[in-house]
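Below you'll find the structure, written out as structure tokens, and then a few comments.
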Amino acid sequence: MAKVVIIGAGGVGTVVAHKCAQHPEVFGPIVIASRTKSKCDAVADSIRKAVPQAPEIYTDRVDADSVPELVELLNRHKPVLVINVALPYQDLTIMDACLECGVNYLDTANYEPKDEAHFEYSWQWAYRERFEKAGLTAILGCGFDPGVSGVFTAYAAKHHFSEMEYLDIVDCNAGDHGKAFATNFNPEINIREITQNGRYWQDGKWVTTGPLEIHGSLTYPRIGARESYLLYHEELESLVQNYPTIKRARFWMTFGQEYLTHLRVIQNIGMARIDEVDYNGTKIVPLQFLKAVLPNPQDLGENYHGETSIGCRISGKDKNGNPLTYYIYNNCSHEAAYRETGMQAVSYTTGVPAMVGAMMFLTGEWVKPGVHNVEEFNPDPFLQQLATDGLPWEEIIGGDLEVDKL
């Protein structure tokens, strides 16, 4: 059993803590820390009620923007691993603290600066040599997408393809939470992400599109046809580097028309701005204010119905050099996720892989000093554990991927 510190007590942090507690043979004790200790206490109480065999659970307060506070936290608890499910703005401060304290690191989303809606791995990849010299492992992007999407791709390369040529990561949320407008994870991060220009990899270079400019209908298993929109997503950056045979790599996400109408209004009236404005002598960021008045993603689960469907549609040459199409995916029920953890499926599909990635490190399956994306590790034990822990996956070999029609 190894001690871990989970930084973040939102929807994803709640799922991570629940799932870690279900494996006392690997995890324990568990420390949950965030800026608001009462949130951590509530998560700990819910786990103690739901998981009788849970290891010891402690709670603490930390400002993850502050390296000194993080260092003090880690020196006091002395964990083997930090599971970072705080905000992407805080990745680098947490990595700095891990280096100072000799603690291994795992996160679910790459760093982005608070004052610019721009995300790429270069900032975190710059830590490679320092983690390697310290003998510490840092695992980047171990949610679902990024995360399982990268592991799915690694599994496809290992077992099915001699050359992967076309990769499309598809993310459909066909659930209904009954709200007029709500985001399924942190509203500030979500709205920053989807209002940016799209970007995809084509023949050795990045191609930029307008926000949500390219879209078309894709059919999702057990869900049906849904309009899917091209976005830029960070796992594309590492996947095209680690699999250089890929000629084209794209990411697609579904949105309903009502959601897009609300989003357009939010942008048109300036509420998506991330720069400060003066309001009666007080500096506020409009998007941060909007976050405060929108429904909390943690509170959506109770009335959420339907499924998510996330996967990779890949084409290329099989192990014998013949053409192959391949689709590997998971469907997750909002209702089932809520029954188990009190959270909806978007939090569940991010939190479960983070726990599994942590388990892979603690059991010695994924140990490699330096800074690494998930596809650089052996996918087999991860996917075996993922299916056991609530996210079973399926494969379609030789089917119509539909993506060439978009």
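Minimum heavy-atom separation, Pro55 to Pro24: CD-CB, 4.1 Å. Across Asn330 and Pro392, no two heavy atoms sit closer than the pair ND2-O, 2.7 Å. Residues Thr108 and Pro146 come closest through the heavy atom pair O-CG, 3.5 Å. The two residues Phe152 and Ile310 make their nearest non-hydrogen contact at CE1-O, 4.1 Å. Minimum heavy-atom separation, Gln124 to Val371: O-CG1, 3.7 Å. What you find for Leu383 and Trp393 is that their closest heavy atoms are O-NE1, 3.0 Å.
No donor-acceptor distance shorter than 3.5 angstrom exists from the side chain of Asn320 to the backbone of Asn322, with no hydrogens or angles considered. Within the 3.5 Å criterion, the main-chain N or O of Asp318 finds a donor-acceptor partner in the side chain of Ser162. A donor-acceptor pair under 3.5 Å is absent between the side-chain atoms of Ser238 and the main chain of Glu234, judged by distance alone. Under a 3.5 Å cut-off, the side chain of Lys405 and the backbone N or O of Glu402 do not form any donor-acceptor pair. Side-chain N or O atoms of Ser66 include one that pairs as donor or acceptor with a backbone N or O of Glu69 at under 3.5 Å. With hydrogens and angles ignored, the 3.5 Å screen pairs a side-chain donor or acceptor of Asn104 with a backbone N or O of Val80. Arg222 contributes no side-chain N or O that, together with a main-chain N or O of Glu307, makes up a donor-acceptor pair within less than 3.5 Å.
Residue Lys158 places its NZ atom among more than 12 non-hydrogen atoms of other residues, nucleotides or ligands, all under 6.0 Å distant. Counting heavy-atom neighbours within 6.0 Å of Met271 CE, excluding the residue itself, gives a total above 12. Gln202 CD: more than 12 foreign heavy atoms inside a 6.0 Å radius. Other residues, nucleotides and ligands contribute over 12 non-hydrogen atoms within 6.0 Å of the CZ atom of Phe255.
Using modelled atom types and a 3.5 Å distance limit, the side chains of Trp252 and Asp168 yield a donor-acceptor pair. Judged purely by distance below 3.5 Å, without hydrogens or angles, the side chains of Tyr304 and Asn173 pair a donor atom with an acceptor atom. One side chain, Glu120 or Ser122, offers a donor N or O that lies under 3.5 Å from an acceptor on the other. Using a 3.5 Å distance cut-off with no hydrogens or angles, the side chains of Asp107 and Tyr105 do pair a donor with an acceptor. No side-chain N or O of Glu340 forms a donor-acceptor pair with one of Tyr338 less than 3.5 Å apart. Tyr89 and Glu112 are not linked by any side-chain donor-acceptor pair at a separation below 3.5 angstrom, with hydrogens and angles left out of the test. Side-chain atoms of Asp91 and Asn110 include no donor-acceptor pair closer than 3.5 Å. When only modelled atom types and interatomic distance are considered, His18 and Ser46 share a side-chain donor-acceptor pair under 3.5 Å. Defined by atom type and a distance below 3.5 Å, a donor-acceptor pair is missing between the side-chain atoms of Ser315 and Glu165. Side chains of Thr308 and Tyr348: a donor-acceptor N/O pair is absent below 3.5 angstrom, by distance only. Checked by atom type, the side-chain pair Asn373/Glu237 shows no donor-acceptor distance below 3.5 Å.
When side chains are defined from C-beta on, Lys368 counts as touching Glu376, because their heavy atoms get closer than 4.5 Å. Annotation: side chain of Met95 is in contact with side chain of Phe131 (closest heavy-atom distance under 4.5 Å). Under the 4.5 Å side-chain criterion, counting only non-hydrogen atoms from C-beta, Leu239 is in contact with Glu375. Within the 4.5 Å cutoff, the side chain of Thr209 has no heavy atoms near those of the Asn197 side chain.
The aromatic rings of Tyr232 and Trp206 sit perpendicular to each other, their planes meeting at more than 60°, with 30° as the lower class boundary.
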- Derivation of the salt bridge (charged side-chain N to carboxylate O under 4.0 Å, His left out) call for Asp41 and Lys37: CA-CA 6 Å; Asp41 293 336; Lys37 186 175 181 295; 3.1 Å; yes

- Message: Go through it in stages, so that I can follow the logic: the residues are Glu129 and Lys133, the test is salt bridge (charged side-chain N to carboxylate O under 4.0 Å, His left out), and I'd like the CA-CA distance, side-chain angles, deciding distance and then a yes or no.
- Response: CA-CA 6 Å; Glu129 187 175 348; Lys133 285 184 175 178; 3.0 Å; yes

- Item | ring pair (Phe, Tyr, Trp, His ring centres under 6.0 Å) evaluation trace for Tyr111 with Trp123 | CA-CA 7 Å; Tyr111 172 76; Trp123 289 289; 5.2 Å; yes

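Atom CG of Asn84 sits about 12.0 Å away from atom SG of Cys142, to the nearest 0.5 Å. To the nearest 0.5 Å, atom OG of residue Ser149 and atom NE2 of residue His233 are 8.0 Å apart. Note that CZ of Arg35 and SG of Cys40 are 12.0 Å apart. Values are rounded to the nearest 0.5 Å. Note that CZ of Arg313 and OG1 of Thr325 are 11.0 Å apart. Values are rounded to the nearest 0.5 Å. Between the CE atom in Met355 and the CG atom in Leu386 there is a gap of 8.5 Å [rounded to 0.5 Å]. Atom CD1 in Ile94 sits 12.5 Å away from atom CG in Leu99 (nearest 0.5 Å).
With His160 as reference, Glu395 is the one residue of Lys319, Glu395, Lys317 to meet the side-chain hydrogen bond (donor to acceptor under 3.5 Å, both in side chains) rule.
No salt bridge links Lys247 with Asp203; every basic N to acidic carboxylate O contact stays at or beyond 4.0 Å. With respect to the salt-bridge test (charged N to carboxylate O, under 4.0 angstrom), the residues Glu72 and Arg76 qualify.
The ring of Phe382 has its center closer than 6.0 angstrom to the ring center of Trp366.
For the pair Arg128 and Tyr121, the cation does not sit on the ring face, since its NZ or CZ is not both under 6.0 Å from the ring centre and inside 45° of the axis.
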